[in-house]
Amino acid sequence: MESPPRCKFTVIFIIISLSLGLISFILCIAAEIKRNKEEDLRWNGKLCSLPTSQAFGLGIAALVSFFFAQIIGNSILLKNCYSHSKITAIAKILFLISWLSFGFAVILLIAATSMSRRQPYSIGWLNGECYLVKEGTYAGSAILVLITVGSINGSTFSSI
């Protein structure tokens, strides 16, 4: 028996959303590995400097794929809700969780990625001071990416 075209559309876009979420997760883990370490910090006694880390490009790529995963996941959910005009309580809770974790992940990724740029002497990241991305920041973002993508796709599944 052939599934209706709406189900095929939904499944294809869920797979795309999950794939983009997995790519973002992998990029976050790679950024965690490639972030600047304390030994990369240059100190001349008064001023500090940090080179650009590979985590900068990885963080931007993780953000872009994460945004697309969230947009695609939400569009699938909204398409299903408009076609059924009914959304379950579980779908609403998962939808809320997805947006909360999305917000926290984006804030962490933007701050960490911004700190991974070059921080020249006397300019630094903030007020002329150099900042290192704390260990686990990108890994925490990776976990939040998984929570976001899982909850938005779970919300879609529960509304089908």
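These values consider heavy atoms only, across backbone and side chains, with no hydrogens, waters or symmetry-generated copies.
- With values rounded to the nearest 0.5 angstrom, S155 atom OG is found 10.0 Å from L96 atom CG.
- A continuous path of ILVMFWY side-chain contacts below 4.5 Å connects M115 to V106, so both sit in one hydrophobic cluster.
- For CD1 of I90, the number of neighbouring non-hydrogen atoms (other residues, nucleotides, ligands) closer than 6.0 Å is 12 at most.
- No more than 12 heavy atoms of other residues, nucleotides or ligands lie within 6.0 Å of NZ in K92, so this atom counts as exposed by the packing criterion.
- No more than 12 heavy atoms of other residues, nucleotides or ligands lie within 6.0 Å of CD in E38, so this atom counts as exposed by the packing criterion.
- Listed here is the closest heavy atom pair of A112 and V133: O-CG2, 3.4 Å.
- Classified by interplanar angle (parallel below 30°, tilted 30° to 60°, perpendicular above 60°), the ring pair F102/F67 is perpendicular.
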Enumerate donor-acceptor pairs with a distance under 3.5 Å from any side-chain N or O in residues 21-32 to protein atoms, sequence neighbours excluded.
residue: S24; atom: OG; partner: A62; partner atom: O; Å: 2.9
residue: E32; atom: OE1; partner: G136; partner atom: N; Å: 3.4
residue: E32; atom: OE1; partner: Y138; partner atom: N; Å: 3.0
residue: E32; atom: OE1; partner: A139; partner atom: N; Å: 3.2
residue: E32; atom: OE2; partner: R35; partner atom: NE; Å: 3.2
residue: E32; atom: OE2; partner: G136; partner atom: N; Å: 2.8

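- A distance of 12.0 Å separates CD1 of I15 from CD1 of I72, quoted to the nearest 0.5 Å.
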Determine, step by step, whether L77 and I152 satisfy the side-chain contact (heavy atoms from CB on, under 4.5 Å) criterion, reporting the C-alpha distance in whole Å, the side-chain angles of both residues, the deciding distance to 0.1 Å, and the verdict. CA-CA 8 Å; L77 179 64; I152 195 64; 4.1 Å; yes
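- Closest heavy-atom contact between L18 and V149: CD2-CG1, 3.6 Å.
- Expressed to the nearest 0.5 Å, how far CD1 of I60 lies from OG of S114 amounts to 9.5 Å.
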Run S101 and T148 through side-chain hydrogen bond (donor to acceptor under 3.5 Å, both in side chains) and show every step you take. CA-CA 6 Å; S101 58; T148 301; 2.6 Å; yes
Dump the intermediate steps for side-chain contact (heavy atoms from CB on, under 4.5 Å) on W99 and Q70, then the final yes or no. CA-CA 9 Å; W99 276 103; Q70 181 74 350; 3.4 Å; yes
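- By the rule that hydrophobic residues join a cluster once side-chain heavy atoms approach within less than 4.5 Å of another member, I16 and F68 end up as members of one cluster.
- Hydrophobic clustering keeps I76 apart from I71 (ILVMFWY residues linked when any side-chain heavy atoms are closer than 4.5 Å, directly or through intermediates).
- Of the possible donor and acceptor atoms, one in the side chain of S151 sits under 3.5 Å from a partner among the backbone N and O of I147.
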Show, in sequence, the C-alpha distance, side-chain angles and deciding distance for L20 and F66, and conclude whether the side-chain contact (heavy atoms from CB on, under 4.5 Å) test is met. CA-CA 7 Å; L20 287 170; F66 187 40; over 6 Å; no
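- Cluster membership for F104 and V64, using ILVMFWY side-chain heavy atoms within less than 4.5 angstrom, is not shared.
- To the nearest 0.5 Å, atom CD of residue Q54 and atom OG of residue S116 are 11.0 Å apart.
- Looking at N36, its side chain never comes within 3.5 Å of a backbone N or O of T52 through a donor-acceptor pair.
- Closest approach of S17 to A69, counting heavy atoms only: OG-O, 3.1 Å.
- Each of T156, L100, N74 was checked for a side-chain contact (heavy atoms from CB on, under 4.5 Å) with F95, and the lone residue meeting it is N74.
- Tracing side-chain contacts under 4.5 Å through hydrophobic residues (I, L, V, M, F, W, Y), one never reaches L109 starting from I143; they form parts of separate clusters.
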